[in-house]
Engineer: 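Below you will find the structure I want to go over with you.
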Amino acid sequence: MEQKAPLVREVLPALTAELVRLLEEEGERDLAVCAHDLRLVAVCGCGDAFCQSIRTGTHVPGTPYGPGLRSVHLLPERGMLNLDVLHGRIEYVEVLDRPEYRLPDPSPSPRDGAEGEHA
């Protein structure tokens, strides 16, 4: 039986709360609802000390998203929070300069997802 990726709200509740609040402030109500149920598929794995980004979709790193992609740039009080949204689904949460959101990289490869969206 395949185990589902953990919910971001269970692993990083403060990040989820911040995403939901900022999305609502930007009028992105549908994405705010989606942000509450994001799953932590993988950490970025790029190795950059300033990066706390996470993959929340099954998109293969290093391949183009294709049509339907849009970026949502949020305005946190510090650092950067940007979302890659594909057909209404949040696929990637770019989190920069927010060390409190750093998770250990559980993947065997330190470059998992290193084609990172922030490069």
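None of these values were measured; they are calculated from a predicted model. Quick note: residue numbers are just sequence positions, from 1.
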Engineer: Minimum heavy-atom separation for V60 to T63, with atom names?
Structural biologist: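 Taking every non-hydrogen atom into account, O-OG1, 2.6 Å.
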
Engineer: Enter the distance from D48:CG to L96:CG here, rounded to the nearest 0.5 Å.
Structural biologist: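 CG of L96 is found 8.5 Å from CG of D48.
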
Engineer: Do the non-hydrogen side-chain atoms of I90 and L31 ever get within less than 4.5 Å of each other?
Structural biologist: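 I90 vs L31: side chains touch.
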
Engineer: Can you give me the closest heavy-atom contact between Y92 and C44, atom names plus distance?
Structural biologist: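 Closest pair (atom of Y92, atom of C44, distance): OH-SG, 3.3 Å.
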
Engineer: Do L38 and L7 sit in the same hydrophobic cluster, where Ile, Leu, Val, Met, Phe, Trp and Tyr count as joined when their side-chain heavy atoms come under 4.5 Å apart?
Structural biologist: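 The answer is no; the residues belong to distinct hydrophobic clusters.
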
Engineer: Return yes if some donor-acceptor pair links the side-chain N/O of R102 with the main-chain N/O of C51 below 3.5 Å, else return no.
Structural biologist: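 Checking the backbone N and O of C51 against the side chain of R102, a donor-acceptor pair under 3.5 Å is found.
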
Engineer: Minimum heavy-atom separation for S53 to E94, with atom names?
Structural biologist: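 The pair with the smallest heavy-atom distance is OG-CA, 3.3 Å.
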
Engineer: Determine, step by step, whether V95 and L81 satisfy the side-chain contact (heavy atoms from CB on, under 4.5 Å) criterion, reporting the C-alpha distance in whole Å, the side-chain angles of both residues, the deciding distance to 0.1 Å, and the verdict.
Structural biologist: CA-CA 5 Å; V95 183; L81 292 174; 3.7 Å; yes

Engineer: Hey, does the side chain of R70 reach the backbone of V85 with a donor-acceptor pair shorter than 3.5 angstrom?
Structural biologist: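 A pair under 3.5 Å: no.
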
Engineer: Treating R9 as the side-chain partner and T16 as the backbone partner, does any N or O pair qualify as donor plus acceptor under 3.5 Å?
Structural biologist: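 Side chain of R9 to backbone of T16, a donor-acceptor pair under 3.5 Å: no, none is there.
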
Engineer: If I compare all heavy atoms of A35 with all of L23, which pair ends up nearest, and what's the gap?
Structural biologist: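 It is CB-CD1, 3.9 Å.
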
Engineer: Can you list the steps and then say if E26 with L75 is a side-chain contact (heavy atoms from CB on, under 4.5 Å)?
Structural biologist: CA-CA 9 Å; E26 290 294 317; L75 301 171; 3.9 Å; yes

Engineer: Provide the closest heavy-atom pair for D84 versus S71 in the form atom of the first, atom of the second, distance.
Structural biologist: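 Heavy atoms only, the tightest pair is OD1-OG, 3.6 Å.
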
Engineer: Tell me, do Y65 and E91 make a side-chain contact under 4.5 Å, heavy atoms counted?
Structural biologist: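 Touching, per the 4.5 Å side-chain cut-off.
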
Engineer: Between Q52 and A49, is there a donor-acceptor pair closer than 3.5 Å when you use the side chain of the first and the backbone of the second?
Structural biologist: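 Indeed, once roles are kept as given, a pair shorter than 3.5 Å links the two residues.
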
Engineer: Hey, any chance V93 and V11 share a hydrophobic cluster, counting ILVMFWY side chains that come within less than 4.5 Å of each other, even indirectly?
Structural biologist: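 Same cluster.
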
Engineer: Are there more than 12 heavy atoms of other residues, nucleotides or ligands under 6.0 Å from atom CG of D37?
Structural biologist: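 Yes, because the 6.0 Å sphere around CG of D37 holds more than 12 heavy atoms from other groups.
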
Engineer: Does R78 offer a backbone N or O that forms a donor-acceptor pair with the side chain of R98 under 3.5 Å?
Structural biologist: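 Yes, R98 side chain to R78 backbone: donor-acceptor pair under 3.5 Å.
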
Engineer: Linking I/L/V/M/F/W/Y whenever their side-chain heavy atoms sit closer than 4.5 Å, directly or via other members, would V20 and M80 fall into one cluster?
Structural biologist: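 No; tracing contacts between hydrophobic side chains, which count when under 4.5 Å, never links both residues.
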
Engineer: Is it the case that over 12 heavy atoms from other parts of the model lie below 6.0 angstrom from the CZ atom of R89?
Structural biologist: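 No.
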
Engineer: If you round to the nearest 0.5 Å, how far is OG1 of T58 from CZ of R39?
Structural biologist: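 R39 atom CZ to T58 atom OG1 measures 13.0 Å (nearest 0.5 Å).
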
Engineer: Knowing that exactly one of T56, L15, L103 qualifies, which makes a side chain to side chain contact (heavy atoms under 4.5 Å, CB included) with L40?
Structural biologist: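 Of the listed residues T56, L15, L103, the side chain to side chain contact (heavy atoms under 4.5 Å, CB included) partner of L40 is L103.
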
Engineer: Do K4 and E10 sit within salt-bridge range, that is, some charged N less than 4.0 Å from a carboxylate O?
Structural biologist: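 No, K4 and E10 are not salt-bridged.
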
Engineer: Where do L83 and L19 land on the side-chain contact (heavy atoms from CB on, under 4.5 Å) test, with the steps shown first?
Structural biologist: CA-CA 10 Å; L83 308 177; L19 288 173; 4.1 Å; yes

Engineer: Do you know which two heavy atoms are closest between A32 and E24, and how far apart they sit?
Structural biologist: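 Minimum heavy-atom separation between A32 and E24: CB-CG, 3.6 Å.
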
